[in-house]
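Reading through the structure tokens given below for one structure.
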Amino acid sequence: MKIIAVANNKGGVGKTMQCYQLACHLANSGKQVLAIDLDSQANLSSTLGVTVQRTLIPEWLIGDVKVEDIIIPSEGSYDFHKNLFVIPSSRHLASLSKLLILSESEIRKNAGRKERLLKLRIQEMSTKFDYIVIDTPPMLGDELIMSLVAANQVLIPTQAQDYSIDGLEELMDTFQIIRESENPTLEFSIIPSMVNVRRKIERQRLDELSQNFKVTPFVRNLVEMQESISVKKPIFLMGKNSKGYRDYRTLWDSLGL
Ligand SMILES: Nc1ncnc2c1ncn2[C@@H]1O[C@H](COP(=O)(O)OP(=O)(O)OP(=O)(O)O)[C@@H](O)[C@H]1O
Ligand SMILES: [Mg+2]
């Protein structure tokens, strides 16, 4: 089982897009995939056809609810949906940190530290998946930290205006701490996201980024990517000539996914 988290504490950089395209692609390759939505905006859940009034993720993490009771099959028009399952989010997840504080002594007994809760719950799962893809919210909070502790690999979509090395450094510092304390084999990949190659300034920033970090092939800013989300049709179904599909195929090949 491979656990992939998609993270960046910056908002609107293409995290949920990445999760959606990757989870659908893996499911379409015949893999059993679980998408965990740890963002209270619940965009990944709704794009995968699952909306719930109130998420039970906090109760699951604390140990009051079994995982079987919160996994829901994804819904959509395509055959691959049969391989794709979701642990959905809702607005209620915004109070996760408060709830974790209230259950602190119980968590200490079970997991030692709250940062380890997600990893522990994934390890306990009786239904095994080939891949788990985790979407995270745009802040350095409990959800993001838990995901970094649980994951084998982190994908970091990064947008042109965030190419300032300072922006990424806060996240890199957090990785370093997690690696040293909880997860020494954690790997990360920086993915230039929503790139407008026609703009000189963006090409320059891309060069700067590549000089400072190892980056993957980029994904362009394309109208068809937005369409893919609004009609809930993954990019690999948009046809061989789709630019978005070409970008993603190159990206996934480079990541061995
Ligand atoms: N390659 C792309 N080309 C064009 N639009 C894109 C691309 N990737 C993402 N978008 C659009 O940009 C917006 C932000 O993307 P997305 O929701 O994936 O970002 P996010 O990092 O998950 O945001 P948040 O931090 O709020 O969770 C969405 O409207 C999405 O459809
Ligand atoms: Mg998102």
Side-chain angles (χ1 to χ4, degrees), residues 4-25 35-51 55 57 76 86-94 96 133-148 151 154-163 167-168 170-171 174 188-199 202-203 205-206 209 215-239 241-252 254-255:
I4 301 171
V6 180
N8 191 330
N9 47 326
K10 279 269 159 81
V13 293
K15 295 182 287 294
T16 303
M17 176 70 82
Q18 189 62 238
C19 286
Y20 175 70
Q21 301 298 346
L22 178 61
C24 295
H25 158 72
I36 304 181
D37 190 353
L38 287 187
D39 187 356
S40 62
Q41 297 176 95
N43 293 332
L44 181 63
S45 309
S46 59
T47 313
L48 291 173
V50 180
T51 39
T55 178
I57 290 175
V86 188
I87 293 185
S89 181
S90 73
R91 275 189 359 231
H92 176 73
L93 193 63
L96 177 68
V133 177
I134 309 171
D135 194 13
T136 61
M139 56 183 171
L140 273 173
D142 286 330
E143 299 86 343
L144 178 51
I145 304 289
M146 269 187 219
S147 305
L148 297 182
V154 188
L155 307 182
I156 309 167
T158 309
Q159 238 193 310
Q161 51 262 50
D162 301 329
Y163 285 175
L168 273 176
E170 195 187 3
L171 192 58
T174 311
F188 67 86
S189 305
I190 295 172
I191 304 171
S193 175
M194 291 188 241
V195 176
N196 190 339
V197 275
R198 278 193 226 121
R199 290 182 62 208
E202 290 212 20
R203 292 200 306 273
R205 283 179 174 154
L206 197 54
L209 186 75
V215 299
T216 67
F218 59 80
V219 176
R220 281 172 283 186
N221 191 332
L222 301 163
V223 176
E224 62 172 341
M225 296 306 303
Q226 285 164 25
E227 279 166 14
S228 162
I229 296 292
S230 59
V231 302
K232 301 182 181 174
K233 180 178 180 178
I235 197 69
F236 60 80
L237 293 173
M238 298 285 195
N241 292 328
S242 150
K243 288 181 181 169
Y245 180 38
R246 264 187 270 156
D247 287 359
Y248 268 96
R249 213 180 37 196
T250 310
L251 172 66
W252 293 326
S254 81
L255 294 169

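Whatever order the structure lists ligands and atoms in, that order sets their numbers, starting from 1.
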> N/O/S of Thr16 less than 2.8 Å from the Mg ion (ligand 2)?
Replying inline: yes
> Can you tell if the side chain of Arg220 reaches within under 4.5 Å of the side chain of Val197, non-hydrogen atoms only?
Replying inline: yes
> Taking all non-hydrogen atoms of both residues, which atom of Pro217 and which atom of Ser254 are closest, and how far apart?
Replying inline: CD-OG, 3.3 Å
> Taking non-hydrogen atoms only, is Gln18 closer than 4.0 angstrom to ligand 1 via side chain, backbone, both or neither?
Replying inline: neither
> Starting from atom 1 (N) of ligand 1, which protein heavy atom do you reach first, and at what distance in Å?
Replying inline: Arg220 O, 2.8 Å
> Is ligand 1 less than 4.0 angstrom away from at least one heavy atom of Asn221?
Replying inline: yes
> Considering distance alone, does some N or O of Leu222 sit under 3.5 Å from an N or O of ligand 1?
Replying inline: yes
> Which protein heavy atom lies closest to atom 17 (O) of ligand 1, and at what distance to 0.1 Å?
Replying inline: Thr16 CB, 4.0 Å
> Taking only heavy atoms of Gly11, which atoms of ligand 1 are found under 4.0 Å from at least one of them?
Replying inline: 25 (O)
> Considering Gly14, Ser228, Ala7, Pro138, which one's heavy-atom position lies nearest to atom 16 (P) of ligand 1?
Replying inline: Gly14
>> Give me the residue, atom name and distance of the protein heavy atom closest to atom 26 (O) of ligand 1.
In response: Gln41 NE2, 3.2 Å
> What protein heavy atom is closest to atom 11 (C) of ligand 1, reported as residue, atom name and distance in Å?
Replying inline: Gln226 CG, 4.1 Å
> Nearest protein heavy atom to atom 30 (C) of ligand 1, by residue and atom, and its distance?
Replying inline: Met17 CE, 4.1 Å
> Numbering the atoms of ligand 1 from 1, which are under 4.0 Å from a heavy atom of Val219?
Replying inline: 1 (N)
> Does the side chain of Ile134 reach to within under 4.5 Å of the side chain of Ser147, using non-hydrogen atoms?
Replying inline: yes
> Side-chain contact, heavy-atom cut-off 4.5 Å: Leu96 with Met146?
Replying inline: yes
> Is any side-chain heavy atom of Thr216 less than 4.5 Å from a side-chain heavy atom of Ile190?
Replying inline: no
>> Looking only at protein heavy atoms, which one is nearest to atom 13 (C) of ligand 1, and what is the separation?
In response: Met194 CE, 4.5 Å
> Identify the closest protein heavy atom to atom 20 (P) of ligand 1: which residue and atom is it, and at what distance?
Replying inline: Lys15 N, 3.5 Å
> With distance as the sole criterion, is a donor-acceptor pair present between the side chains of Thr16 and Asn43 under 3.5 Å?
Replying inline: no
> Tell me, do Arg246 and Arg249 make a side-chain contact under 4.5 Å, heavy atoms counted?
Replying inline: yes
>> Quick check on contacts: which atoms of ligand 1 are under 4.0 angstrom from a heavy atom of Val13?
In response: 19 (O), 20 (P), 21 (O)
> With Val13, which of Val6, Asn8, Ile191 fulfils side chain to side chain contact (heavy atoms under 4.5 Å, CB included)?
Replying inline: Asn8
> Hey, does Lys243 have a side-chain heavy atom less than 4.5 Å from the side chain of Tyr248?
Replying inline: no
> Taking side chain as C-beta onward, heavy atoms only, is Phe236 less than 4.5 Å from His25?
Replying inline: yes
> Which bit of Asp39 is near ligand 1, meaning a heavy atom under 4.0 Å away: side chain, backbone, both or neither?
Replying inline: side chain
> Would you say atom 6 (C) of ligand 1 has a protein heavy atom nearer than 4.0 Å?
Replying inline: yes
> Considering only protein heavy atoms, which is closest to atom 24 (P) of ligand 1, and at what distance to one decimal place?
Replying inline: Gly12 N, 3.5 Å
>> Just by distance, no angles: are the side chains of Ser45 and Asp37 close enough, under 3.5 Å, to form a donor-acceptor pair?
In response: yes
